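Next up is a structure, given as structure tokens.
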Amino acid sequence: MTQDYSLNQQLNHIEVSEIRQFDEAVSGIPGILKLTLGEPDFNTPEHVKQAAITAIENNYSHYTGMAGDPELRQAVADFIHTKYQVDYRPTDEILVTVGATEALATAITTITNPGDALLLPAPIYPGYLPLLHLNQVTPIYIDTRATDFVITPELIEATIAAHPEANIKGIILNYPSNPTGVTYRDHEVQALAQVIKNHHLIAISDEIYSELTYGESHVSLAKYAFDQTILVNGLSKSHAMTGWRIGFLMAPSTLTAEMKKVHQYLVTAATTVAQRAAIEALTTGIDDGQEMKAEYLKRRDFMFAGLQELGFSVARPDGAFYLFAKIPAELQLNSRDFTKALAEENQLAIIPGTAFGDAGEGYVRLSYAASMATLEDAMARLTTFMINHRAANQTA
């Protein structure tokens with residue numbers, strides 16, 4: 001006999017992301033090659049792993065304080081100051097979280113009430129939306145297709161003006177962007193900061209890919225809108241530490257004090273051993289991400305050139321390790337049909353643009369967090385697919 005339970009009604013709005021659904025659906029195809037997930041193919045640096053081993057041997061097996069190891073919070077403050085010229089006090093403006101995901105959950109839960117709204121660029125990483133639904137917050141999308149996926153002050157102004165009835169509490173920014181790879185130059189960040197201040201918004205700025213920018217250095221929104229920014233970062237991408245689950249929340253002390261309450265009851269504290277390893281990553285390993293970035297840049301350039309030769313147009317790929325490519329119109333395939341056919345016919349898996357919302361229709365996301373040999377194989381498979389489909393369309 002099964003019991004009919006009444007569960008949280010917000011769960012009706014939530015399901016496993018299309019990224020994971022598609023990845024799992026194609027995993028059983030023999031010989032499948034996947035450029036689907038945002039998982040660095042590098043291993044955690046050896047000196048960071050050794051720091052964790054030493055921490056275990058030295059019995060770092062007890063709780064840290066809820067905000068995190070004081071030595072780690074100091075290391076975070078030093079890292080953010082050195083890299084991005086933003087100053088946070090380690091004592092009361094930094095929280096160590098269980099990855100950037102918990103940081104986002106904590107931030108959204110802290111600043112919103114049921115019925116509030118948050119602005120989100122579209123297309124957007126789908127992990128934000130369930131957190132909004134669970135908090136009964138309305139997402140209001142800023143369609144960035146007309147500006148090649150670049151958010152502008154004008155787009156923010158127009159979106160706010162189009163929703164006069166909404167109680168817009170803030171905006172979520174993600175740059176370098178997943179899925180597009182777009183990031184922002186200094187003057188663009190300054191312009192966004194100004195419109196955020198003009199409208200008294202709270203910005204949750206997800207800058208987890210900040211160490212993976214190609215060209216100009218990353219500019220944090222907190223540099224120009226400190227009082228209105230909740231900065232999210234972590235070690236998953238910069239140090240290939242996805243499984244260690246170490247993230248950081250940074251904000252003015254008044255906000256951090258409130259977020260600390262939410263953080264406590266979500267997780268108590270991040271894993272102590274992982275925090276000790278994170279100290280090593282941010283100090284001795286402050287530039288570990290640069291070696292990885294050099295390899296990503298070679299891969300990006302290879303993939304970007306190959307996609308252009310095949311007739312794809314690609315958003316400004318200045319950061320992260322993704323390319324967001326527009327499917328050539330003559331193929332007459334939508335995003336889901338394109339990726340399904342590519343997986344079945346040529347055993348190559350990439351993500352349909354619709355996984356990132358309706359604004360992603362007509363596009364596909366390719367992750368180049370894979371070896372060059374893998375990417376060369378992937379481009380060969382994609383080339384064969386394109387040749388076959390173009391030939392079929394000509395004879396149809």
Side-chain angles (χ1 to χ4, degrees), residues 10-26 35-38 104 108 112 116-152 154-166 168-182 204 206 307 312-317 320 322-343 349-367:
Q10 300 309 309
L11 293 173
N12 296 328
H13 303 289
I14 296 172
E15 59 182 17
V16 174
S17 75
E18 188 174 345
I19 298 173
R20 291 288 180 176
Q21 288 185 43
F22 184 80
D23 181 75
E24 292 173 4
V26 301
L35 302 181
T36 50
L37 302 182
L104 290 163
I108 292 167
T112 61
D116 285 346
L118 288 179
L119 300 172
L120 287 82
I124 190 168
Y125 173 65
Y128 304 119
L129 299 180
L131 300 176
L132 268 61
H133 288 311
L134 285 171
N135 285 280
Q136 300 181 56
V137 174
T138 300
I140 297 177
Y141 297 104
I142 303 171
D143 191 335
T144 61
R145 286 175 290 186
T147 54
D148 293 328
F149 307 113
V150 175
I151 303 169
T152 65
E154 292 77 15
L155 282 176
I156 295 174
E157 294 278 8
T159 305
I160 292 173
H163 296 83
E165 77 294 343
I168 299 174
K169 182 66 68 69
I171 183 170
I172 296 178
L173 297 176
N174 165 228
Y175 71 100
S177 165
N178 176 10
T180 66
V182 166
I204 299 174
D206 181 358
L307 287 167
F312 292 85
S313 59
V314 184
R316 190 173 86 185
Y322 308 107
L323 293 168
F324 203 60
K326 189 171 185 178
I327 302 166
E330 69 267 23
L331 266 65
Q332 300 179 33
L333 291 171
N334 64 36
S335 297
R336 290 191 177 100
D337 289 344
F338 181 96
T339 52
K340 183 174 184 290
L342 179 61
I350 58 180
I351 298 297
T354 49
F356 308 96
D358 293 343
E361 179 55 88
Y363 291 80
V364 291
R365 189 196 76 174
L366 301 89
S367 169

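Please read all numbers here as calculations on a predicted model, not as lab measurements.
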For this session: Grab the two heavy atoms, one from Y141 and one from T159, that are nearest each other, plus how far apart they are.
Result: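 That would be O-CG2, 3.7 Å.
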
Problem set entry | Close side-chain approach of P352 and E18, heavy atoms under 4.5 Å | yes

Exercise. What are the two closest non-hydrogen atoms of H133 and Q10, and how far apart are they?
Worked result: O-OE1, 2.9 Å

For this session: Give the minimum heavy-atom separation between T144 and A122, together with the two atoms involved.
Result: OG1-O, 2.7 Å

Exercise. What is the distance from atom OG of S367 to atom CD1 of I350, rounded to the nearest 0.5 Å?
Worked result: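 Separation between the atoms: 11.0 Å.
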
Exercise. How about D337: does its CG atom have over 12 heavy atoms from other parts shown lying under 6.0 Å from it?
Worked result: yes

Exercise. So, do I351 and T339 sit near enough that their side-chain heavy atoms are less than 4.5 Å apart?
Worked result: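 The answer is no, as the side chains (C-beta and beyond) never meet within the 4.5 Å cut-off.
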
Seminar exercise, completed: The ring pair (Phe, Tyr, Trp, His ring centres under 6.0 Å) partners of F312 (sequence neighbours excluded) come to none

Problem set entry | Donor-acceptor pair between N135 and T112 side chains, under 3.5 angstrom | no

For this session: Give me the ring orientation class for F149 and Y363: parallel if the planes are under 30° apart, tilted from 30 to 60°, perpendicular past 60°.
Result: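 Judged by the thresholds at 30° and 60°, the geometry between F149 and Y363 is perpendicular.
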
Problem set entry | Minimum-distance pair of heavy atoms, taken over all atoms of Y125 and F356 |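 In terms of heavy atoms, the two residues are closest at CA-CD2, 4.1 Å.
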
Exercise. Only one of L132, I204, I142 clears side-chain contact (heavy atoms from CB on, under 4.5 Å) with L120; which?
Worked result: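 So, applying the side-chain contact (heavy atoms from CB on, under 4.5 Å) to L120 and each of L132, I204, I142, only L132 qualifies.
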
Exercise. Roughly how far, to the nearest 0.5 Å, is CD1 of I140 from NZ of K169?
Worked result: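 The CD1 atom of I140 is 12.5 Å from NZ of K169, to the nearest 0.5 Å.
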
For this session: Tell me yes or no: between the side chains of E361 and S335, is some donor less than 3.5 Å from an acceptor?
Result: yes

For this session: Grab the two heavy atoms, one from A166 and one from A117, that are nearest each other, plus how far apart they are.
Result: CB-CB, 4.4 Å

Problem set entry | Side-chain heavy atoms of N174 within contact of P121, under 4.5 Å |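 Side chain of N174 against side chain of P121, heavy atoms only: no contact under 4.5 Å found.
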
Problem set entry | Interatomic distance, I14 atom CD1 to L134 atom CG [nearest 0.5 angstrom] |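 Nearest 0.5 Å value for the CD1-CG distance: 3.5 Å.
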
Problem set entry | Side-chain heavy atoms of L119 within contact of I160, under 4.5 Å |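 L119 reaches I160 side chain to side chain.
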
For this session: Might you point out which heavy atoms bring I171 and L118 nearest each other, and give the distance in Å?
Result: N-CD2, 4.1 Å

Exercise. Mind checking whether I19 and L37 have side chains closer than 4.5 Å, heavy atoms only?
Worked result: yes

Exercise. Is there a side-chain contact between L35 and R365 (heavy atoms, below 4.5 Å)?
Worked result: no

Exercise. Is any side-chain heavy atom of V182 less than 4.5 Å from a side-chain heavy atom of I151?
Worked result: no

Exercise. Going from CG on D358 to CG on D143, what distance comes out if it is rounded to the nearest 0.5 angstrom?
Worked result: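 Taking CG in D358 and CG in D143, the distance rounds to 9.5 Å.
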
Exercise. Atom CG in L155, atom OG1 in T147: separation rounded to 0.5 Å?
Worked result: 4.5 Å

For this session: Tell me, yes or no, whether the heavy-atom count around R316 atom CZ, taken from other residues, nucleotides or ligands under 6.0 Å, exceeds 12.
Result: yes

Exercise. Does a donor on one side chain sit under 3.5 Å from an acceptor on the other, for D206 and Y128?
Worked result: yes

Problem set entry | Flag side-chain contact, heavy atom, 4.5 Å: L307 against L366 |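 SC-SC contact between L307 and L366 confirmed.
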
